[in-house]
2 protein chains.
Amino acid sequence: MNELTERQKFILTLVVHEHIRSAAPIGSEHLVKHYQLDISSATVRNEMSALTELGYLRQPHTSAGRVPTEEGYRYFVSRLVQDSELPDTTRRMISHQFYQTRNDVEEWMRLAASVLAHQSRVASLVTAPHPEKARLKHLELISTRGRQVLMVTVTIGGEIHQRIVTVNEPITQELLSTTAHRITNLFEGKSAAEINALRAQLQGLDAEIINWLVEEMNQADSLGAGDIYLDGLTNVLAEPEFSGSEEARRALRLLEERPLLYDLLSRTKTGSGVGGVQVLIGGEGTWDEFRQWSMVLARYGQPGLATGTLGVIGPMRMPYGRAISTVRFLAGIMSDMVTSSLEE
Amino acid sequence: MNELTERQKFILTLVVHEHIRSAAPIGSEHLVKHYQLDISSATVRNEMSALTELGYLRQPHTSAGRVPTEEGYRYFVSRLVQDSELPDTTRRMISHQFYQTRNDVEEWMRLAASVLAHQSRVASLVTAPHPEKARLKHLELISTRGRQVLMVTVTIGGEIHQRIVTVNEPITQELLSTTAHRITNLFEGKSAAEINALRAQLQGLDAEIINWLVEEMNQADSLGAGDIYLDGLTNVLAEPEFSGSEEARRALRLLEERPLLYDLLSRTKTGSGVGGVQVLIGGEGTWDEFRQWSMVLARYGQPGLATGTLGVIGPMRMPYGRAISTVRFLAGIMSDMVTSSLEE
DNA sequence: TTTAGCACTCTCGGCTTTCGAGTGCTAAAA
DNA sequence: TTTTAGCACTCGAAAGCCGAGAGTGCTAAA
């Protein structure tokens with residue numbers, strides 16, 4: 001990538017900022033006046049022309065101002081955006097809110113989504129913290145009626161899965177309890193695959209239950225088990241690029257159709273560790289549906305034990321600086337929360 | 001309420017139908033032509049004029065056709081809508097889908113929301129089946145680390161609540177298990193209030209746990225604990241009354257702000273038993289935010305044991321006949337599902 | 001009581017016009 | 001060589017301006 005001159009970087013930055021602010025194409029004269037530059041508009045025009053040549057800016061039509069291209073945003077985010085932190089008072093306020101909630105993952109997710117949406121003014125999403133491989137912590141069997149049994153599986157991260165299963169013949173709560181106890185002792189800390197490998201020893205009721213257990217844990221492993229919390233959808237509908245009726249519907253469908261999001265997230269999450277903030281601009285070429293969208297994502301949690309993704313999603317014309325610092329901060333907080341809930 | 005003549009009812013019906021179909025004001029000539037009436041447009045005009053006088057129709061402006069008023073819709077729904085059933089093939093298809101799912105309430109709720117949205121072409125919502133008073137079925141205590149204990153509460157309807165609590169001093173899993181067992185035996189089938197009344201006997205760890213348990217069960221009793229499943233939001237954005245950018249945002253906020261929905265649902269649910277379909281038109285005067293909305297709701301489940309609400313929500317200009325029959329049918333199905341999961 | 005006739009109203013879509021922001025180019029100035 | 005002033009040109013957005021058409025209410029006749 002050819003290095004830009006300082007002045008070109010400066011002008012690109014201004015155009016990006018100004019466009020994010022106003023959503024309109026930016027003209028040379030406008031920049032000079034608005035920022036009291038001590039170069040003339042003609043000079044700015046020349047530089048803009050060069051930036052257009054290089055593919056960082058484009059004109060919606062002849063005789064209009066310039067707008068950043070996808071490449072332009074990418075250059076801006078990777079080299080020009082100044083990496084501010086959230087103001088101290090804001091940070092404290094947010095932390096405070098978290099430490100006031102009760103010790104409940106769902107509550108945190110909801111709060112994180114809400115804070116992200118409010119701070120960044122775009123839509124936000126938070127997935128549940130989730131181990132790569134569920135490991136059994138505790139199994140409980142509760143008789144409901146007849147042959148119906150409520151199976152409650154607790155995994156080491158503290159996730160709970162419930163399921164009603166039907167066993168071959170009616171059975172007392174006593175027997176169920178001892179069975180659950182036996183299985184828990186036998187397989188605590190084991191993953192679905194490991195349990196599956198060891199189950200040959202068992203038969204009868206135990207084998208039956210183990211079948212369900214393995215199935216349940218496998219299901220838990222596949223992403224998509226947990227829910228995604230979304231917030232701030234209205235924020236993005238307020239943006240002019242989605243205010244048309246057709247645009248709005250497409251936008252909403254994108255966020256309403258969880259499978260698409262799952263797909264996107266699952267392919268994205270690898271490649272950046274906890275703490276690193278990842279910025280996807282314009283679907284990065286591969287995601288056609290997200291061509292006009294950008295996302296700012298980060299992993300949070302305890303690597304190996306339980307990690308989730310959180311971030312914001314909005315139009316390409318997004319306040320990246322603010323979004324990045326907000327996402328980074330929230331990822332930190334959520335990691336703290338998860339950690340504190342795992343270790344004393 | 002003054003009785004309308006047969007012909008007036010007929011014309012009101014036509015106007016409502018036609019307006020729901022086309023979203024446009026309906027003129028006299030149009031009706032005569034479109035339905036091959038053997039009265040003249042002038043007669044229709046006179047009747048329309050009378051209906052306008054009575055408050056069932058109104059004109060958006062002097063020289064435009066008529067549009068039903070809130071009162072008009074209300075009259076239509078209460079006396080004119082013909083109460084069709086879903087076609088047999090559709091019903092079978094839907095049932096089939098339900099009986100194919102695994103035995104899981106959340107799955108059913110999701111499916112119900114999806115079916116409602118698709119069939120009625122407006123937005124749908126489904127709340128979880130929920131007892132009026134949670135009764136303890138089973139308590140489980142699982143040590144996580146240090147003084148953190150995962151408390152899992154199962155209520156008689158089969159609902160599961162989890163919560164991480166901190167106890168006064170570290171404690172072994174053995175002790176936790178026997179404690180949980182003891183408490184379960186002691187209080188099975190009891191409500192939060194009953195447990196609270198009896199707890200004086202207990203002290204030490206037991207008392208500590210009971211505190212949490214009662215708090216948790218009280219929380220479960222207050223509506224708003226369970227989630228609301230929404231679907232088909234895009235359907236309502238497609239409607240012309242919400243296609244404007246400002247309208248769309250307001251509409252979405254309405255559905256995104258769960259507390260508002262909870263409030264509405266909680267005040268609505270009383271007053272109509274399971275099976276009865278309730279239609280709310282234009283916020284019924286009291287709900288300002290819902291002035292242009294209508295809802296078709298029904299309770300489902302086992303009265304006394306676990307009931308929830310499901311229904312559709314959309315613009316006043318909503319296909320009521322279809323909506324009502326769909327909601328009624330789905331409420332029936334969901335009741336069956338809940339019943340079958342409770343009794344063998 | 002119904003209907004034909006008619007004058008009147010008002011919105012909607014399409015058309016033209018105007019306005020102005022912005023550009024690129026050229027030639028002079030630094 | 002770089003910057004800048006000057007200028008002609010472009011093109012979209014907004015405003016203004018019809019005309020068509022759908023619809024009404026009223027009156028008088030059937």
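Below, chain A is the first sequence line, B the second, and so on; all start at residue 1.
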Q) Does a side-chain N or O from B:Q59 land closer than 4.0 Å to OP1 or OP2 of C:dC10, or not? A) no
Q) Taking atom C1' of C:dA4 as reference, at what distance in whole Å does atom CD1 of B:I39 sit? A) 15 Å
Q. Out of C:dT23, C:dT2, C:dA4, which has the shortest distance to the side chain of B:A42?
A. C:dA4
Q. So what does A:E29 touch, heavy atoms closer than 4.0 Å: a base, only the sugar-phosphate, or nothing?
A. nothing
Q: Calculate the interatomic distance between A:I26 atom CD1 and C:dT23 atom P; express it in whole Å.
A: 10 Å
(Q) Tell me whether the side-chain N/O atoms of B:R45 come closer than 4.0 Å to OP1 or OP2 in C:dA4. (A) no
(Q) Looking at B:R110, is its backbone amide N or carbonyl O close enough to the side chain of B:S114 to form a donor-acceptor pair, meaning the two atoms are under 3.5 Å apart? (A) no
Q: Establish, with yes or no, whether the OP1 or OP2 oxygen of D:dC11 is under 4.0 angstrom from a side-chain nitrogen or oxygen of A:T62.
A: yes
**Q.** salt_bridge(A:E18, A:R66) N-O dist < 4.0 Å
**A.** no
(Q) In this structure, how many angstroms lie between the P atom of C:dT23 and the CG atom of A:L51, rounded? (A) 12 Å
Q) Does A:R66 put a side-chain nitrogen or oxygen below 4.0 Å from OP1 or OP2 of C:dA21? A) no
**Q.** Whole-Å distance separating the CD atom of B:E47 from the C1' atom of C:dT1
**A.** 11 Å
Q) If only atom types and distance count, is the side chain of B:T127 paired as donor or acceptor with the main-chain N or O of B:T309 below 3.5 Å? A) yes
Q) Got a donor-acceptor pair under 3.5 Å from the side chain of B:S63 to the base of D:dT24? A) no
Q. If we fit an axis to the first five pairs and another to the last five of the helix from C:dT1-D:dA30 to C:dA30-D:dT1, what angle do they make, to the nearest 10°?
A. 30°
Q: Keeping the roles fixed (side chain from B:S124, backbone from B:A113), state whether a donor-acceptor pair exists under 3.5 Å.
A: yes
Q.
Side-chain N or O of A:R58 versus OP1/OP2 of C:dT23: is the shortest distance under 4.0 Å?
A. no
Q: Using atom NE2 of B:H61 as one end and atom C1' of D:dG25 as the other, report the distance to the nearest whole Å.
A: 16 Å
Q: Please report, rounded to the nearest Å, how far the P atom of D:dG25 is from the CG atom of B:L57.
A: 11 Å
Q. Within this structure, what is the CG-to-C1' distance between A:L37 and D:dT4, rounded to whole angstrom?
A. 14 Å
Q.
Tell me the interatomic distance from A:N46, atom CG, to C:dG22, atom P, rounded to whole angstroms.
A. 17 Å
Q) Taking OP1 and OP2 of D:dT2, is either one under 4.0 Å from a side-chain nitrogen or oxygen of A:T43? A) no
Q) Within the structure shown, what part of the strands sits under 4.0 Å from A:S41 by heavy-atom distance: base, sugar-phosphate, or nothing? A) nothing
Q) Between B:E70 and B:R74, is there a side-chain N and carboxylate O pair less than 4.0 Å apart? A) yes
Q. Between the side chain of A:E257 and the main-chain N/O of A:L260, is any donor-acceptor distance below 3.5 Å?
A. no
Q.
Under the criterion side-chain contact (heavy atoms from CB on, under 4.5 Å), I'd like the reasoning laid out for B:M48 against B:V15: C-alpha separation, chi angles, the key distance, then a yes or no.
A. CA-CA 9 Å; B:M48 279 179 158; B:V15 171; 3.8 Å; yes
Q) Under 4.0 Å between a Lys/Arg side-chain N and an Asp/Glu carboxylate O for A:K9 and A:E3? A) yes
